Every structure is written in structure tokens, then in C-alpha cells.
Amino acid sequence: MALEIESVLVAGRGPAACAVVSACTRLGVKAVAVHSETERSARHVRLADDAVLLGPAAASESYLAVDRIVEAARRSGVRAVLPVTPALAGNARLAAAVAAAGLLWVGPDAEVLERLGGDGVEPASESGFLAWVTAEGLRYVTPVVRDRAAGIARVSWTPEDWAAGGTLDLPVSARRLAEVGWRGLVTVGIAPDGELAEVAAGFSLDIAVLERAHGVDAVELALSSTETTGSALPGGPTPRAAVAAQLRATLAPGTAGRIRGRLPSGSRPGAGTDVDVVSVSGFDPGDRLDGWYDALLATVSAAGPDTRAAAAAVLAVLGAVPDVGVPHDGADTSAVLDRLAVGSGVPAG
């Protein structure tokens, strides 16, 4: 699909920004990265077509600084600002400032974010759903279950019995997202009483589950939401089971490190011909892991005929990770995947 947007400022860092920049390259969209003084040569910067310095190492003065992000977009000459993390994508002040500067904001309008609370955080609920919201309603709706044992979702997956039917009962309030003007990607947490707990914009860590399950590109979905000619995309294949996992460094807060080994990166088939695996690294060997920021090293996601097969494929990738020079939670994450791969403790939905 030919997109109207020809250039974007990718507001983010780490593996998520690397994934977005790479997708922009595939789509023929110029990607301009942003960075702090300590990440001038970060992987997301090297992958991008151009890059702009935001400010000092502190995130509040660089990656999260609204005025500096807008000024970077102006200086770079891009047409749009594409926020990566929910913290930025759910920031109504940033959305309003981008629009006031005469630039396109890729995501829900500021008024919509204010109305719905603009959580700006990764959903913490154990269950929820992912979707692409258009004027016509919710598309590519994907239920998701999260492992929250560590306080963060190290692993997320589609319920085991979902892919066969590909349907999902949603709260009434969820189906009204399109009516209230939400456009683009959404990650929703559902409370135990069945109502909405969190509503997040941007590329949450769960979005890879939607991509793998439906065989779509989340960046293409996000960018197409701004198209003046409509947001029609061809339907994807029959939904498949999907699993996504995050690999995080476990260095003490504020402690820096150096990546020595190669982290998972790239796309490849899994052990079976009906399993696909996508890995995204935020670092290459020799890169410095700065103590200022989130410790996410890489993400690995897979789609397959069932949750067990997808989990086994992700487990195989993480199991092959060499000594990367910094401690990480690979063993704990692999333990969750191992349970999924043998069908132990996998919720029925």
C-alpha cells in the first residue's frame, strides 16, 4: 500500500524504535530518529535515515521532553511525528503541540486522549485485547494474556482456544472506541469485572502479538490511520496463535554495561514450516547499555498453529542467546515460555 506520509520523526528508543524504523524503511518512509547525548550512536539511530539530538541523558530532558520533540520535528522537516511508547503516544500535551506546529500526529487526537484518560503506560491487567481502530470500527482484534509475575509483562500471548475461531466478546465500552474518535493502534487492559482497566496508544510491548497473529505490520496500520483517502487495508490471513516475550537486563538501577554478544534479531521460520519468528534487538555487540533508561534488550515473537508451538519457537530463540555481557532475565522468561510450550497453566481464554 502506497502511503501519503513520506517522512516521520520516530519518537522513541530501544528495540521498539528499532522495529519502527526498520518498518518505515520497508514501507519507503523516511525515518528520522531522536536521541539523547549519551545515545548518539545507538542502534535505532544507526538504522534511521537521519537523527536529531534532543538533549541531555535524563529522559525528562530528552526522550520525554515535549518541546524538544516538537522542535526536533520542525528542524528535521518531517511531515509527521510517530510516537513509539505508550508514554509518548498517550501524551495529550505532545499530541496537541505537534498539531499546533502544523505536523501530523500519528495516533489519537489530543482531545480523545484527554477524554479517555490517556493512560500512557503499558497495561498492567492480566488480560486484555489489541486492535486497530478506524472510523468503521475495530479491526484485527486480538485477545491477549500477560504474565505479570515480575510486575511487568515478560510474556504475552493469545488464549489457547482463540485462534481457531478468531472472535472475541468485548466490553460495550471497548466497541465505542471508534465512536469517540480513537484512531490507530490500541492496547486495552480488562479488569476482573470485565470493564476497561487501561487504554493505551502507541506500540505497546503486546503489539507484536497482534502483528504475528494477523500477519500485518503495525507501523503500516498506524501510518494509514492518518490517510485522507481512508484507512482501508486488505484483510489479513486467518488469525493464528501468537506469543511475544521481552528480554531485559537485570543490572542495578543506574548501572551501565556493555553488550558483548549478539542479541536475537531478524525474521525466520521456526522449527515447523507453519511457525514464523520475529526478533528485534535494541543493541549490537559493542553497544553501551546506558543506566538512564529502560533495560529492554530485545523482543522475540512468533505465530503458529497453537500457543504451544508459538511459545516453543520463542523459547528456542531465547535458549540460544549467548553470554551478552550483561545479566538478564532470560532464565525467568524462558521458564514462563516453557510452561506455555507444554500447555501448563495456559488460560483457556
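Just so you know, these numbers use all the heavy atoms, side chains as well, and skip hydrogens, waters and symmetry mates. Treat the numbers as computed from the prediction; the structure is a model and nothing was measured.
Within the 4.5 Å cutoff, the side chain of L130 has no heavy atoms near those of the V141 side chain. Between V32 and V10 the shortest side-chain heavy-atom distance does not fall below 4.5 Å. Contact of the P327 side chain with the L251 side chain is registered, since non-hydrogen atoms from C-beta on lie closer than 4.5 Å. Using a 4.5 Å cut-off on side-chain heavy atoms (C-beta onward), V98 and R74 make no contact. Side-chain contact between R154 and D332 is present, with at least one heavy-atom pair separated by less than 4.5 Å. At least one side-chain heavy atom of D147 sits less than 4.5 Å from a side-chain heavy atom of W157. Within the 4.5 Å cutoff, the side chain of L315 has no heavy atoms near those of the L318 side chain. Side-chain contact between S36 and Y293 is present, with heavy atoms from C-beta onward closer than 4.5 Å.
Within 6.0 Å of atom CZ in R176, 12 or fewer heavy atoms from other residues, nucleotides or ligands are found, so the atom counts as exposed in its surroundings. More than 12 heavy atoms of other shown residues, nucleotides or ligands fall within 6.0 angstrom of atom CZ in R46. Heavy-atom neighbours of E71 CD from other residues, nucleotides or ligands within 6.0 Å: above the threshold of 12. For E61, the CD atom counts as densely surrounded, since its 6.0 Å shell holds more than 12 non-hydrogen atoms of other residues, nucleotides or ligands.
Across P159 and V145, no two heavy atoms sit closer than the pair CG-CG2, 3.8 Å. Pairing each heavy atom of P171 with each of G194, the nearest pair is CG-O, 3.0 Å. P108 approaches A95 most closely through the heavy-atom pair O-CB, 4.4 Å. Among all heavy-atom pairs drawn from L196 and A174, the shortest one is CD2-CB, 3.9 Å. In this structure, D274 and P305 approach most closely via the heavy-atom pair OD2-CG, 3.3 Å. Scanning all heavy atoms of the two residues, the minimum distance from N91 to A87 falls at CB-O, 3.7 Å.
Using modelled atom types, no side-chain atom of H328 and backbone atom of D323 make a donor-acceptor pair closer than 3.5 Å. In this structure a side-chain-to-backbone donor-acceptor pair under 3.5 Å is missing from S225 to L185. Using a distance-only test at 3.5 Å, with no hydrogens or angles considered, a donor-acceptor pair links the side chain of T255 to the main chain of A252. Remark: side-chain polar atoms of E37 are not paired, donor with acceptor, to backbone N or O of G55 under 3.5 angstrom. Although no hydrogens or angles enter the test, the distance criterion places a donor-acceptor pair under 3.5 Å between the side chain of T25 and the main chain of V21. Checking side-chain atoms of T333 against main-chain N and O of G330 turns up no donor-acceptor pair under 3.5 Å. A distance-only check finds no donor-acceptor pair linking the side chain of Y140 to the backbone of P239 [under 3.5 Å].
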Is there a side-chain contact (heavy atoms from CB on, under 4.5 Å) between V219 and F203 once you walk through the steps? CA-CA 9 Å; V219 173; F203 299 85; 3.8 Å; yes

Under the criterion salt bridge (Lys or Arg N to Asp or Glu O under 4.0 Å), I'd like the reasoning laid out for R240 against D276: C-alpha separation, chi angles, the key distance, then a yes or no. CA-CA 10 Å; R240 295 195 291 169; D276 299 309; 2.6 Å; yes

side-chain contact (heavy atoms from CB on, under 4.5 Å) between V243 and L337, worked out: CA-CA 9 Å; V243 173; L337 291 165; 3.7 Å; yes

Report the C-alpha distance between W292 and S62 in whole Å, list the side-chain angles of each, state the deciding distance to 0.1 Å, and finish with yes or no for side-chain contact (heavy atoms from CB on, under 4.5 Å). CA-CA 11 Å; W292 283 94; S62 53; over 6 Å; no

Give the intermediate values and the outcome of side-chain contact (heavy atoms from CB on, under 4.5 Å) for residues V326 and R258. CA-CA 7 Å; V326 297; R258 183 76 63 181; 5.9 Å; no

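Applying side-chain contact (heavy atoms from CB on, under 4.5 Å) to F129 and the options L138, T187, D206 leaves one that passes, L138. Between Y63 and the options R68, H35, E39, a side-chain hydrogen bond (donor to acceptor under 3.5 Å, both in side chains) holds for only E39. The one candidate from I259, L247, L263 that meets the side-chain contact (heavy atoms from CB on, under 4.5 Å) condition with S281 is L263.
Put simply, V278 and V209 are part of two different groups of oily side chains (I, L, V, M, F, W, Y) that touch within less than 4.5 Å, one to the next. Note: the hydrophobic cluster containing L297 does not contain V280 (ILVMFWY, side chain heavy atoms under 4.5 Å, direct or indirect links). With hydrophobic clusters built from ILVMFWY side chains whose heavy atoms lie under 4.5 angstrom apart, V81 does not share a cluster with V45. Linking ILVMFWY side-chain heavy atoms closer than 4.5 Å, directly or via other members, places L53 and V34 in two distinct hydrophobic clusters.
In this structure, the separation between CH2 on W132 and CG on L221 is 5.5 Å, given to the nearest 0.5 Å. For the atom pair CG of L205 and OG of S301, the computed distance is 11.5 Å after rounding to the nearest 0.5 Å. Note that CD of E4 and CG of L104 are 9.0 Å apart. Values are rounded to the nearest 0.5 Å. Taking OG1 of T85 as the start and CD of E122 as the end, the distance is 8.0 Å to the nearest 0.5 Å. Note that the OG atom of S156 and the CZ atom of R146 stand 7.0 Å from one another [nearest 0.5 Å]. Taking OG from S7 and CZ from R79, the interatomic distance works out to 8.5 Å, rounded to the nearest 0.5 Å.
By the 4.0 Å N-to-carboxylate-O rule, D329 lies too far from R248 to be salt-bridged with it. A salt bridge does not link K30 with D49: none of the charged nitrogens is closer than 4.0 Å to a carboxylate oxygen. Salt bridge D67/R93: present, at least one basic N to carboxylate O contact under 4.0 Å.
The aromatic rings of W162 and H214 lie perpendicular to each other, with more than 60° between the two planes, well past the 30° mark.
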